[in-house]
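Note that this is a predicted model, so its numbers are computed, not measured. Just so it is clear: chains get the letters A, B, ... in the order the sequence lines come, proteins before strands, and each one is counted from 1.
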Amino acid sequence: MIIPVPLHGIGSRQDLPLPFSFVVTGAAVAVVVSFLVLFVAWREPRYTHPGGIALPRLTRMIDHPGARLAAQLAVAAVYAWAALALFAGKDRLTNPAFGFVYAWMWVGLVPLSLVLGTFWRATNPLRTLHRGLCLAARTDPDEGLLELPQWVGIWPALVSVFGFGFLELVQPDRTSLAVLRVWALAWLVLLILGAVLFGRRWIAAADPFEAYATAVAQVSIWRRINGEIRLVSPLANLHSWTPPAGTPAVLAVLLGSTAFDSFARTSWWIKTVQASAAPATLWATAGLLTMTTIIYLSFSAAAAWMGRYRGGDGPAARHFPRLMAASLVPIVVGYAVAHYTTLLVIEGQRTAINMSDPLGLGWNVFGSAEMGVNAGIFNHPTVTAVVQLAAILLGHLVGIVAAHERALALVRHDAALRAQWPMLLAMVCFTCAGLVLLFSP
Amino acid sequence: MSSLARFVTALTWALASVFLSVACTSQAAPINATPASATPTRVTTIRATPTAATTGTPSAQASAVTINLTIGDGEVSPSGDRVDVAKGQTVILKVTSDSDDVIHAHTADEGIEIKVEAGMPASGRFVATETGSFEVESHHLGKIFVILNVR
C-alpha cells in the first residue's frame, strides 16, 4: 500500500552530484592556479600592515552599550524561543529546534560571520547568560575560580567541535527531541560551568560555534585594530590574525566533518557499512576520526617541512602549523558553502516557517506557519553545480595566496619556493578531494 | 631562477595540466539527463529496466523505471546504488522481503511508504516530479537501497 507521508530526518532531498567534467575542470584550474601562485607571485610580504579604511562612526555605533545590549538580548530571545521548542515542544518533524541547530546555527554562522565579522562572539547567548548570572551574583564575568593559561588556546573546542560533528553525522536518532535535548543541555551546562570556573574566556576556548564563527570572521572585511573597526581586504585580515593554540586541530575537524558528510553518501561507503556486521555508529565514528586525522597530519607535515627553512629571527618551527592554520580557513569556508548552501536555503526556510508554532499547538505567532518552502533551488541544478565549484575554487585560491603570504613572512628568502610546495600540494589535494566528493560516486 | 624562467616553468606546468585534464574529460562519459528510453549507465548492479515499449521519442511519460528491491537476512539489495531518473518519469518499486518492513521513498517534501509483509511481494509507483537526489530505504533496517538522481 502506498501512503504519501512526511518522512523522518531533515535534508532528505540532496543536490545532484557534480557533473564529472566540472570535477576535472575544477581540479585542473586548482592545479594551474596553484603553480602560478607558487612560481610567479610576489616574493616580498605585501600585507605587513592591514591598512584599510578606518570607520570611527561605525565603531561608536557598535560599541554603544545600549546597541550591544539590544543586539545581545535580541539574539538571546531567538535562542530562548528555540529552547522553548526544544524542551517543551512535540517530537515531530515540524519542531523548529532541529532546523535551528543543524541549519541556522551550524551552517548559518558561516554567511553571518563572513558578512558581519565577529558578530557571533559579540552576541553569543552563552555570554549573555553568563553575564546575567554574574550580575545577579555580583561577580566579575572575566574572572573565575581559576585562571585559564594562555597555552590552552582553543584546544577545548577540539572536543566540542568533534562532539558536534559526532552529533551531526554519527549519533543515531539525532532528529529526535530526546537526543537533542541531552546534547543541548550538555553544551549549556559544560560551557556555563566552565565560564564560572575559568571566567568568560572559557566560552571563547570551548564553544564550538564561537570557535567556528571566529575563524570564519577572519576572512571577512572587518577587523578591529587598536579598538577601532576598519574595512580591510580579507587577505590582509587573514594575515594579521594570530591563530590561538589548537587552531589546526579544530579546523581539521571542521573540514573533516564536512568531507565525511559527503563521503558517507558514496555508494562504496553505503554498501560497505550496510554489508558489515559492525554497527553503523562504529563505522561512522571511525570515518569521522580518519578524515580528521588525515587532514590534520598532512597539514601538520607540510607545515613542519616549512619549519626546516625558517627565517633566523622568526618564530620556532613548532609554531608553524598554528601560524599557517589561517590559510585553511578559506578552504573550510569554501567546503561549507559548497556542501551546505542548499541545506541552509531549504531547511532554513522550513525552520523559519515552523518557528511560528514552536510547541506544535497550531499557533501562528510570526505569520509564517502557513507558508510553504520554496524549493526552487532544486530546479536549477546547473546553477547550483557552478556555485559549488566556484565556492571550492575561490576558497582554494584565497587559501593558497594566504599560505604564500604567511610563508614569505616565516621562511628564509632564498628558500621561499622549496619550503612551500608540500603545503601547496596538501591544499590542492584537499580541494580535489572536495570536488570528487561533490561528484559523489 | 630569473623571473622569466620562473614564468616559463609555471606556464609549462600549467599547460601540461590543462592538456591532461582535457584528455581525461574527453574519455569520461558526461552525465546527461537519461533519455526516457535508455537504461541508466553509470551504476553498478542496478536492475532498473524500462517496461514500456520505446519509440525513440524522449517523452518522459512514455516509459518507467522499475527497480527490484529485496530484503533477506537483514541485508538489502541493491545496497547504495545510484539510479538516474528523468524528471516526470514513473518509478516502479517492486519489493520482496523475508520480514515485515516499510519502504520509504523520499521524493520531495513528502515521500511514499510501501508496507511489505514477509513472503508477500509488494509494489508501488510514483512519478518523480522533483529534481534532486533522493534515498529509497528500509525503515526497520535503516538501510538504503538506492539513491535516485532525478534530473
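The line from CG of N149(B) to CD of Q14(A) is 10.5 Å long, rounded to the nearest 0.5 Å. Rounding to the nearest 0.5 Å gives a distance of 12.5 Å between CD1 of I270(A) and NZ of K143(B). Between H380(A) atom NE2 and T131(B) atom OG1 the span is 8.5 Å, to the nearest 0.5 Å. In this structure, R265(A) CZ and E135(B) CD are separated by 7.0 Å, a value rounded to the nearest 0.5 Å.
In terms of heavy atoms, D15(A) sits closest to S133(B) at O-CB, 3.5 Å.
With hydrogens and angles disregarded, a donor-acceptor distance shorter than 3.5 Å links the side chain of K271(A) to the backbone of S79(B).
Residue I147(B) touches chain A through its side chain alone, counting heavy-atom pairs closer than 4.5 Å. Proximity to chain A is limited to the backbone of V150(B), based on heavy atoms less than 4.5 angstrom apart.
For D414(A), the CG atom counts as densely surrounded, since its 6.0 Å shell holds more than 12 non-hydrogen atoms of other residues, nucleotides or ligands.
Side-chain contact between R82(B) and S267(A) is present, with at least one heavy-atom pair separated by less than 4.5 Å.
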